[in-house]
Amino acid sequence: MTRLALVALTLPFLAFLLLALVPPLRRRGRAAGLVSIAAVGGALAAALALWRVPVGAPAVGVWEWIPADAGPLVTVGLYVDPISQAMLVLVTLVALLVQVYSLAYLDEERAPALGRYYAYQSLFAFSMLGLVLAPNFVQLFVFWELVGLCSYLLIGFWYDRPAAARAAVKAFWTTRLGDVGLIIGIVLLWRATGTFDFATLFELAGGGRLPAGLALTMFLIYLGAAGKSAQFPLHVWLPDAMEGPTPVSALIHAATMVTAGVFLVTRAFQLFAAAPAVLALIAWVGAFTALLAATMACVENDIKRVLAYSTVSQLGYMMAAAGAGAPDAGFLHLLTHGVFKALLFLAAGAVVHAVGTNDIRQMGRLFRALPQTGIVFLVGTLALAGVWPLSGFFSKEAVLAGVWAAHLRVPFLMLALTAFLTAVYMFRVVLVAFFGRVEAGGHPHDAPPPMAVPLWVLAVLTLAIGARLALRGGETAHPPGWLTSLSVGLAAAGILLALLMYQVRVVSPAAVSRALAPLDFAARRRYGIDALYGALYRGLLLGFSWLIGWIDRYLVDGVLNVLSALTLRAGDRLRRIQSGQAQDYVYGVAFGLLALLIVSRLWR
């Protein structure tokens, strides 16, 4: 088992090395793309083969990394269990489809830039797979940071665009805030338990032998997860990250990097269970994040940013489930969401590629011009809205059931309202962009085959996963009898309201905005959170500049003045021994040599 996992991990890394160390290959953009695609395709084959192997106890293969007297302090290796099996398939599948799609989406890029893009893609796939397979917190943190680096490089791929450069920096530093907590938490956990290894930690947790007082430690580890998975108040980086290429958004902001935080909480859930207060916090913050992001999606006009806010919202769903003690429900939603959200991002990219704008208000009647894109986008929308029998319905119902079973009534209500708003804002996009009255400019047409095939693969998978879950009766254990009716009703009510507002126009969107004027005003300005961060950043810059100026003016100048005065005084005295007589200099050299001989003699 570990051999298959090692193959899946190694192939993207070899592709990255080849593209990084062989410049002629990297400069041939499409050739570089084919190398990367072949590597991740092989990784997917290995992941599928591994997925078919039944796993009882986790398969762990480790090698010594940092030695110590009492045994290795840190090991490096592979940890294979059902969670990592599923994540391997999801990551490699989406990475493969995104890389194939990118060949056509970025066909106008110059060859060197395209080769650089695929080098980054290969490094990202390797980093994400290394994170998923990590057997301990140290290896996880190393790949965690590599994933962050790749995110920075891919979001800022068009670094000559100021907005893209700013978005990359914002994503990098915002997630680093959470990572500071993560590294401190890992060190504190090692200090309390004496180990970094998951297997040992889970054994201690299973035997009830974890030391008391882990609340602070697990909270700090959660901060790292909150940063990566864009939880309030560290959610601000993800919408701006849409400045990167759309395939990057489909990979990073749907199925891989943004789910790393949810994966971490799921992986270490036995440790989080030892800190119930932290779990409760995770649930409340997750539900609040879900609702907050949904309200911002309702007033956003950029099609990619709508999907970005939706991703933040659904990540809140996943975190709320984990915090409610239902990590399996949250992880199921991670898997289903990864497929249909990748579909939505790639379909949105096909729309932008066809019409040349991200603004849905400048689109309209696209369903006739882009029928294939319209169909697959509608499939993804129905799944995200939680319409039976698509995959999103079952995973959302599992989350709601888990939160209700934990007696978290207010978070449950926030998530239920989020489900309603999700149907509203997603069908707003569908109705305005594909069936709106405004005629889109230019001559839009469906995507070419390299872009269309990944879309259809993801659409079929979305339907197939939904059918499989329907046949198995979903993944919810003992849901309340009314929950299914509620889930269906929320989705139907949201779709109906969107139809009344944006198609039948019985309800005026302007009238709704006026009725909810304070909320509408705040949501359009991101509730002032970005402005607050901007003010804090500018304040820190001003404070730092003042400190540097003070040091330069009073400390550095003062030291230099003192040194200058001493130098001048010493120089004046030394100048007096310069008599200009050769014999005086001979005496000086002789005296110095004699002094050196005496000192050397004494030193012995």
Side-chain angles (χ1 to χ4, degrees), residues 47 51 55 81-91 93-94 132 225 229 254-256 258-270 272-273 279 282-283 286-287 289-290 310-311 313-344 380 382-406 408 411-412 415-416 418-419 422 458 461-480 483-484 486-488 490-491:
W51 191 34
V55 177
D81 67 344
I83 294 175
S84 56
Q85 282 179 303
M87 285 295 293
L88 281 177
V89 174
L90 178 65
V91 172
L93 172 66
V94 175
V132 167
S229 290
T256 54
V258 293
T259 62
V262 179
F263 170 80
L264 173 57
V265 174
T266 305
R267 163 68 75 219
F269 182 76
Q270 295 181 61
F272 281 99
L279 277 183
I282 293 173
T289 301
S310 173
T311 298
S313 183
Q314 299 307 306
L315 290 168
Y317 251 85
M318 302 169 203
M319 284 292 196
D328 291 342
F331 188 70
L332 174 65
H333 195 49
L334 182 158
L335 297 176
T336 62
H337 174 266
V339 174
F340 61 69
K341 183 54 68 66
L343 168 62
L344 285 168
L382 290 168
L384 177 57
V387 173
W388 187 91
L390 280 84
S391 57
F393 168 82
F394 298 102
S395 57
K396 279 191 175 182
E397 184 183 46
V399 170
L400 291 171
V403 175
W404 180 264
L408 297 169
F412 177 86
L415 293 175
T418 299
T422 302
L458 289 169
L461 282 173
T462 299
L463 296 171
I465 294 171
R468 178 180 175 85
L469 292 174
L471 290 174
R472 293 173 58 180
E475 293 289 331
T476 308
H478 309 299
L483 185 58
T484 298
L486 175 66
S487 300
V488 172
L490 290 170

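Worth knowing before you read on, the calculation uses all heavy atoms, side chains too, and leaves out hydrogens, waters and symmetry mates.
Of all heavy-atom pairs spanning Phe331 and Ala86, the tightest one is CE2-CB, 4.0 Å. Gly338 approaches Val94 most closely through the heavy-atom pair O-CG2, 4.4 Å. Looking at every heavy atom in both residues, Ala491 comes nearest to Val387 through CB-CG2, 4.2 Å. Taking every heavy atom of both residues into account, Asp81 and Arg267 meet most closely at OD2-NH1, 2.6 Å. The nearest pair of heavy atoms linking Leu400 to Ser487 is CD1-OG, 4.0 Å. Taking every heavy atom of both residues into account, Ala287 and Ala320 meet most closely at N-CB, 3.9 Å.
Here the side chains of Met87 and Thr259 are in contact, with some heavy-atom distance below 4.5 Å. The side-chain heavy atoms of Val488 and Phe393, taken from C-beta on, include a pair separated by under 4.5 Å. In this structure, Trp51 and Leu88 have side chains that are not in contact, with every pair of non-hydrogen atoms separated by 4.5 Å or more. Contact check for Met319 versus Val262: side-chain heavy atoms found under the 4.5 Å cut-off.
Here the CG atom belonging to Leu344 is positioned 9.5 Å from the CG atom belonging to Leu458, to the nearest 0.5 angstrom. In this structure, CG in Leu486 is found 5.5 Å from CZ in Phe412, a value given to the nearest 0.5 Å. How far CG of Leu483 is from NZ of Lys396: 12.5 Å, rounded to the nearest 0.5 Å. Rounded to the nearest 0.5 angstrom, Ile282 CD1 and Thr289 OG1 are separated by 11.5 Å. Atom CZ in Phe263 sits 13.0 Å away from atom OG1 in Thr256 (nearest 0.5 Å).
Evaluation of the side-chain contact (heavy atoms from CB on, under 4.5 Å) rule for Ile465 yields Thr336, Val339, Ser391, Leu469 as partners, not counting sequence neighbours. Judged as a side-chain contact (heavy atoms from CB on, under 4.5 Å), and not counting sequence neighbours, the contacts of Ala290 are Ser313, Tyr317, Leu415, Thr418. Every residue meeting the side-chain contact (heavy atoms from CB on, under 4.5 Å) condition with Phe269, not counting sequence neighbours, appears here in chain and number order: Ala273, Leu279, Pro327.
Ring geometry, Phe340 versus His337: the interplanar angle exceeds 60°, so the pair is classed perpendicular (tilted spans 30 to 60°).
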**OP:** Quick one: do Thr422 and Gln314 satisfy side-chain contact (heavy atoms from CB on, under 4.5 Å)? Show the steps, please.
**Re:** CA-CA 9 Å; Thr422 302; Gln314 299 307 306; 3.8 Å; yes
Subject >> Derivation of the side-chain contact (heavy atoms from CB on, under 4.5 Å) call for Thr266 and Leu334 >> reply: CA-CA 11 Å; Thr266 305; Leu334 182 158; 5.8 Å; no
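Within the 3.5 Å criterion, the main-chain N or O of Leu315 finds no donor-acceptor partner in the side chain of Ser229. Lys341 contributes no side-chain N or O that, together with a main-chain N or O of Gly380, makes up a donor-acceptor pair within less than 3.5 Å.
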